[in-house]
Amino acid sequence: MTGAGFGGLYALHKLRASGLAVRVLEAAPSVGGTWWANRYPGARVDIQSLEYSYSFSEPLQQQWRWSERYASQPELLRYANHVADRFELRRDIVLNTRVSAAHFDEAAACWRVRSDVGRSWRARFIVMAIGPLSTPNTPAFDGLDAFTGPVLHSAAWPHEPVDFGGRDVALVGTGSSGVQMIPLIAEQARTLTVFQRTAAYAVPARNGPLDPEREARIKADYAGFRARNRRMRAGFGSELSPHPLPTLAVTDAERQALFEERWQIGGFSLLGAFVDTLTDLRANEACAEFVRGKIRAIVRDPAVAARLCPTHPIGCKRLCVDTGYYDTYNRANVTLVDVSRAPIERIAPHGVVSGGREHRADLLVLATGFDAFTGPLTRIDLRGRGGLHIRDKWRGGPLNYLGLTVAGFPNLFNLVGPGSTSAFTSVITAIEHHIDWIAECIGWLAAHGRQTLEASADAEAQWVARVNQIAEQTVYPHCNSWYLGANIPGKPRIFMPLAGGFPAYAERCAAVARDGYAGFVTR
Ligand code: N01
């Protein structure tokens with residue numbers, strides 16, 4: 001198994017409990033995955049921690065105490081370490097070990113795995129738990145190497161504290177990472193210049209200490225709460241219901257009142273106010289315009305507010321959950337540079353050049369995201385039957401079946417990858433679902449005397465077509481997001497995650513299992 005983030009930790013626990021010998025190979029010197037790597041100022045989860053947490057162990061979910069509504073990165077990392085200790089996982093985790101190659105040996109029906117320092121392993125099954133957002137994207141800016149100050153990427157942040165005091169900081173990128181760190185950097189830096197290619201929709205997190213009454217209420221029936229969440233499209237948020245009518249079927253006053261109520265609650269609740277926000281462009285525009293109104297009310301300079309107002313549908317790119325983001329642009333030491341029409345021309349030794357002008361900087365922050373979904377796998381020398389490289393298999397987009405498997409790559413399972421609801425689900429809910437399904441599948445193979453399981457090419461083609469058909473019924477194709485690979489120059493524009501909702505997806509996976517792994521070839 002590759003990766004000791006939240007996916008790898010639970011996979012190890014579950015598969016070991018199923019009687020399998022499991023070894024987890026982790027490139028980092030620590031468990032924690034995403035929460036080990038993404039440690040920029042302000043990094044915290046955007047789904048409430050009582051929901052973004054494991055449900056597999058009742059004692060764990062009862063005993064663990066989150067300090068805030070949305071846990072910060074250090075607390076999430078402590079949680080990952082606690083889980084590793086509590087379930088005695090460390091003895092089967094090999095740290096500082098990056099998987100560089102995995103080749104399927106057809107004669108022996110097993111995987112041969114190698115690390116970058118030449119160690120090797122043999123495995124019947126391989127679980128890729130490397131996370132869909134683990135390959136940082138560093139744009140190929142001219143002159144980047146000649147920049148004289150530090151260049152920091154949000155997803156490969158230094159482990160020692162970064163002192164922004166007295167510095168002129170340039171920051172590129174206004175997705176979730178940029179939106180979380182901009183307010184905190186602005187408080188410390190002498191100046192902060194933000195380079196924005198696409199304006200972001202950000203909703204207030206309303207973070208704060210966890211309300212003990214709410215915690216007690218949820219913990220009184222945690223299993224029931226988790227079950228209700230699993231019936232939600234996103235796998236979380238069951239405490240709030242959408243309005244029974246579509247957005248445009250209610251009066252303006254009623255619509256604005258509900259949007260306002262959700263804005264006050266904070267987080268993703270705004271997107272759940274009406275059922276059609278993500279499927280009807282006109283309904284979506286009502287919600288989008290509500291947020292633009294908030295931006296215009298918060299940001300004092302109308303020209304800056306106008307630049308901060310997004311024009312794409314809300315939710316089309318992942319909604320950002322913020323603390324004080326738009327307010328930050330009222331500070332005298334913060335400048336917003338719009339690079340939507342004229343891209344960054346180059347990085348100079350002491351600044352960033354855009355629109356023919358050099359903006360001085362002695363520290364450059366890249367909050368430029370990830371080569372999502374495909375990047376983590378295609379960077380490995382991963383070869384299936386006939387030596388087929390995953391890079392070649394996925395040249396036109398990430399073919400897969402159920403998001404979990406790839407035809408031609410027997411006994412390989414990919415967690416929260418393309419073709420699953422991963423990006424649209426509370427990721428720990430997705431992880432637990434995937435791993436439970438994989439454990440059941442491996443048990444079925446053993447019970448039926450089969451060595452290998454592999455998606456059929458037909459099932460795979462139909463699945464990918466279905467993922468794209470579902471996306472066409474939503475607002476998601478109407479912007480350039482990492483869901484579409486549109487943030488990476490040259491990447492095929494294919495909609496990768498499944499937008500059909502977690503319950504339907506989980507039911508489909510269960511039905512496949514009930515039907516003796518329909519769509520798979522087993523030998
Ligand atoms: O990355 P992003 P992220 N020139 O791809 C810009 C999760 N996450 O790290 O939008 C100029 O969203 C790019 O511009 P554009 C979450 O799922 C969660 O912020 O492509 N700009 C964009 O503004 C999230 O969705 C949390 O036009 C360039 C930014 O860089 C996902 O990770 C926190 C550029 C990248 O935004 C990714 O978020 C953080 C260029 N050449 C992340 N290239 C939580 O809250 C890129 N950009 C839990």
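Just follow the structure's listing: the first ligand is 1, and inside any ligand the first atom is 1. Values below: all heavy atoms of this structure, side chains included; hydrogens, waters and symmetry mates excluded.
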Using only heavy-atom distances, determine whether the side chains of R226 and S53 contain a donor-acceptor pair under 3.5 Å. yes
For the pair R292 and E285, find out whether any cationic side-chain nitrogen is under 4.0 Å from an anionic carboxylate oxygen. yes
Y54 ring center within less than 6.0 Å of F6 ring center: yes
Decide if atom CZ of R86 counts as having more than 12 heavy atoms of other residues, nucleotides or ligands within a radius under 6.0 Å. yes
Under 3.5 Å side-chain donor-acceptor pair for T191 and D168: yes
Has R39 got its NZ or CZ under 6.0 Å from the middle of the six-membered ring of W36, at an angle within 45 degrees of the ring axis? yes
Distances under 3.5 Å, N/O of ligand 1 against N/O of the protein: list each pair and its distance.
from	atom 1	to	atom 2	distance (Å)
ligand 1	9 (O)	S177	OG	2.7
ligand 1	10 (O)	T198	OG1	3.4
ligand 1	10 (O)	K317	NZ	2.6
ligand 1	17 (O)	R318	NE	3.4
ligand 1	19 (O)	S176	N	3.0
ligand 1	19 (O)	S177	N	2.8
ligand 1	19 (O)	S177	OG	3.3
ligand 1	20 (O)	R197	NH2	2.9
ligand 1	23 (O)	T174	N	2.9
ligand 1	25 (O)	W482	NE1	2.9
ligand 1	27 (O)	R197	NE	2.9
ligand 1	27 (O)	T198	OG1	2.5
ligand 1	30 (O)	A367	O	3.3
ligand 1	45 (O)	R44	O	3.2
ligand 1	45 (O)	Q180	NE2	3.0

